[in-house]
Each structure stands twice: as structure tokens, then as C-alpha cells.
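Below is one structure, written out as C-alpha cells, with a few remarks after it.
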Amino acid sequence: MAKLSKSSRSAKKASARVTKPAKRAAKAPAKKAAAKRSASKAAPRPKPRAASSGAKAAPAAAARRAHQPRQQPETLRLQALSVALTADDVERSVKFWVDGVGFHVKDRWEEDGKLRGVEMIAGACMIGLSQDDWAKGRSRTKGVGISVYAEASQSVDALAERLRSRGVDFKGPETNPWGWRQVVLTDPDGFRLTVYNEKKG
């Protein structure tokens, strides 16, 4: 094998000196990346954030209310209330409540071609009217000590104008001592109805 000249050997050594730092520089980013990967594996993962105590408390309180036993014996619970009135002349009373006040006849009962009773509605309120059969005598007084109250979703002042236009006698509109705006009217048998708007605020 031919021997390298002195100049060739010097060039090879210089090349080796240049190549080693270059190799070390090329390996440095790879070592850093490996170090980062190992650090990320070693670091503990953050735990999911727990729900706030308020969020837990609301469903729990609702569940307690839903399963709370009712007081025993239970108190009376109603969804609606209606009234039934006995009339001396049911035809006359129907004209007053329907044509005058503004109720609507939902059902009617007849016997031998004569009107015996009606069921009248106005919004969510119901009044029943039935013909007196006079079993307790024709001289008994009706409507004494009975007052029916109905809250209106419309203005009682507007209602008063309508009652006036239909020839219905009434009292008001006026504001009572506790702040209700109301009209008061009495049917042919003395039954009194107060229609009111409750004071707001």
C-alpha cells in the first residue's frame, strides 16, 4: 500500500477535527428533543377541575325537595274553584250574567223544554246557575252574606265602560283601602260579584 504524503496526512487530521464538532452539533438537538420527551412523560398530568360546590349543591337540594314527604294528614290542595247559584228565574239570571257581565254559556240543561240550569265560564272562572224548585218555599231570600271575588286580566275601568253600555248597575270603578281597583255588581237574586285588578308592586 502506498504511504500517504505528509501533506495528505495533515489534511485528513484537519478533516477529522472539523467533522467531530459538526457531528456533536448535529446530535445536540436530538438529545434536547429526547430530554423533553422524557420530561413530559415524568411530569404528572393535571387532574380535571372539580365541579364547584355550588353546582353540586343545587341538584342535591332539588332532590331533597322532590323526595320530601308531605305533611300528614295532608292539607287541602285545589286547582280551581267554582260557585253554583240558585236563581228564582234562571232565564233572567242568564241574561244578566251573559249579556250583561260577559260570561259565556258552556253547558245547559233542559227538562220538558224548560231551562233548568247552565254552566257559565269567563276565562278560568265558572259559575253554575240552577232554577229554584221552590222545595224550601218561594219566600226565601237568596244572595245574603255571599260575595264572590274574581281577579281580572283586563282593566276593570274598561269593564266598567262595557257594563255601563249594557245597562248593568254596578258600583265603581274605585280603589279599595288595600289598593285593589274594582267594580262591584249584584245579580237579580242578590248575589254580589267583585271584579278587581290587584295592586302591582
Side-chain angles (χ1 to χ4, degrees), residues 58 61-62 64-66 68-201:
R64 284 196 300 271
R65 287 196 300 272
Q68 186 174 2
R70 295 189 181 276
Q71 177 184 345
Q72 298 296 328
E74 289 189 10
T75 56
L76 180 64
R77 302 196 309 276
L78 304 176
Q79 291 185 332
L81 180 67
S82 57
V83 60
L85 309 176
T86 301
D88 282 343
D89 185 340
V90 69
E91 294 275 8
R92 179 185 63 179
S93 294
V94 168
K95 288 181 180 179
F96 172 84
W97 288 102
V98 174
D99 299 337
V101 181
F103 276 76
H104 169 72
V105 174
K106 181 181 179 182
D107 287 306
R108 54 189 294 131
W109 298 271
E110 294 185 357
E111 185 180 277
D112 299 328
K114 293 183 178 181
L115 183 63
R116 306 304 300 175
V118 297
E119 183 180 289
M120 307 175 299
I121 58 173
C125 299
M126 191 276 284
I127 292 179
L129 282 176
S130 61
Q131 176 63 52
D132 196 338
D133 60 5
W134 314 117
K136 295 183 179 181
R138 291 180 175 267
S139 60
R140 67 172 177 149
T141 304
K142 301 178 178 63
V144 177
I146 297 176
S147 294
V148 179
Y149 288 82
E151 183 177 3
S153 58
Q154 61 197 138
S155 166
V156 295
D157 289 86
L159 173 62
E161 289 299 323
R162 189 174 70 185
L163 293 173
R164 190 175 292 111
S165 69
R166 296 181 180 187
V168 178
D169 291 330
F170 63 92
K171 181 182 178 183
E174 61 185 2
T175 303
N176 66 22
W178 50 91
W180 290 0
R181 188 71 173 164
Q182 65 183 31
V183 294
V184 182
L185 45 97
T186 305
D187 89 336
D189 293 296
F191 295 106
R192 187 171 67 179
L193 173 70
T194 299
V195 183
Y196 67 91
N197 295 138
E198 190 169 358
K199 182 180 179 181
K200 305 299 181 184

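The first residue in the sequence is number 1, and the count goes up from there. In what follows, every heavy atom counts, from backbone to side chain, and hydrogens, waters and symmetry copies are set aside.
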- Message: With a 6.0 Å cut-off (strictly less than), is the heavy-atom count around CG of Asp107, excluding the residue itself, greater than 12?
- Response: yes
- Query: Would one find more than 12 heavy atoms of other residues, nucleotides or ligands at under 6.0 Å from atom CD of Gln79?
  - Reply: no
Between [X] and [Y], which heavy-atom pair has the shortest distance, and what is it?
X	Y	value
Val168	Phe170	O-CD2, 3.1 Å
Gly172	Arg164	O-NH2, 4.4 Å
Trp180	Lys199	CD1-N, 4.0 Å
Val183	Val156	CG1-O, 3.9 Å

Rounded to the nearest 0.5 Å, how far does [atom2] of [Y] lie from [atom1] of [X]?
X	Y	atom1	atom2	result
Leu159	Gln182	CG	CD	12.0 Å
Asp89	Lys95	CG	NZ	8.5 Å
Ser130	Trp109	OG	CH2	9.5 Å
Phe96	Phe191	CZ	CZ	12.0 Å
Leu115	Glu110	CG	CD	6.0 Å
Asp189	Thr86	CG	OG1	8.5 Å

- Please lay out, stage by stage, how Leu85 and Ile127 fare under the test side-chain contact (heavy atoms from CB on, under 4.5 Å). CA-CA 7 Å; Leu85 309 176; Ile127 292 179; 4.0 Å; yes
- Audit row: Lys114, Glu111, salt bridge (charged side-chain N to carboxylate O under 4.0 Å, His left out) steps and yes/no: CA-CA 5 Å; Lys114 293 183 178 181; Glu111 185 180 277; over 6 Å; no
Side chain [X], main chain [Y], donor-acceptor under 3.5 Å:
X	Y	value
Gln131	Val90	yes
Asn197	Gln154	yes
Ser165	Arg162	yes

- Task: Would you check if there is a donor-acceptor pair between the side chains of Arg192 and Ser147 at a distance under 3.5 Å?
- Result: yes
- Task: Would you tell me whether Trp97 and Asp187 have side-chain atoms, one donor and one acceptor, within less than 3.5 Å of each other?
- Result: yes
- Taking the side chain as every heavy atom from C-beta outward, state whether Val184 and Leu193 have any pair of such atoms under 4.5 Å apart.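 When only atoms from C-beta onward are counted, Leu193 and Val184 do not touch, as no gap falls below 4.5 Å.
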- Is any side-chain heavy atom of Leu163 closer than 4.5 Å to a side-chain heavy atom of Leu185?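 Yes, their side chains come closer than 4.5 Å.
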- Met120/Lys106 under side-chain contact (heavy atoms from CB on, under 4.5 Å): CA gap, chis, key distance, verdict: CA-CA 5 Å; Met120 307 175 299; Lys106 181 181 179 182; over 6 Å; no
Do [X] and [Y] sit within salt-bridge range, that is, some charged N less than 4.0 Å from a carboxylate O?
X	Y	value
Asp88	Arg138	no
Asp99	Arg166	no
Arg116	Asp133	no

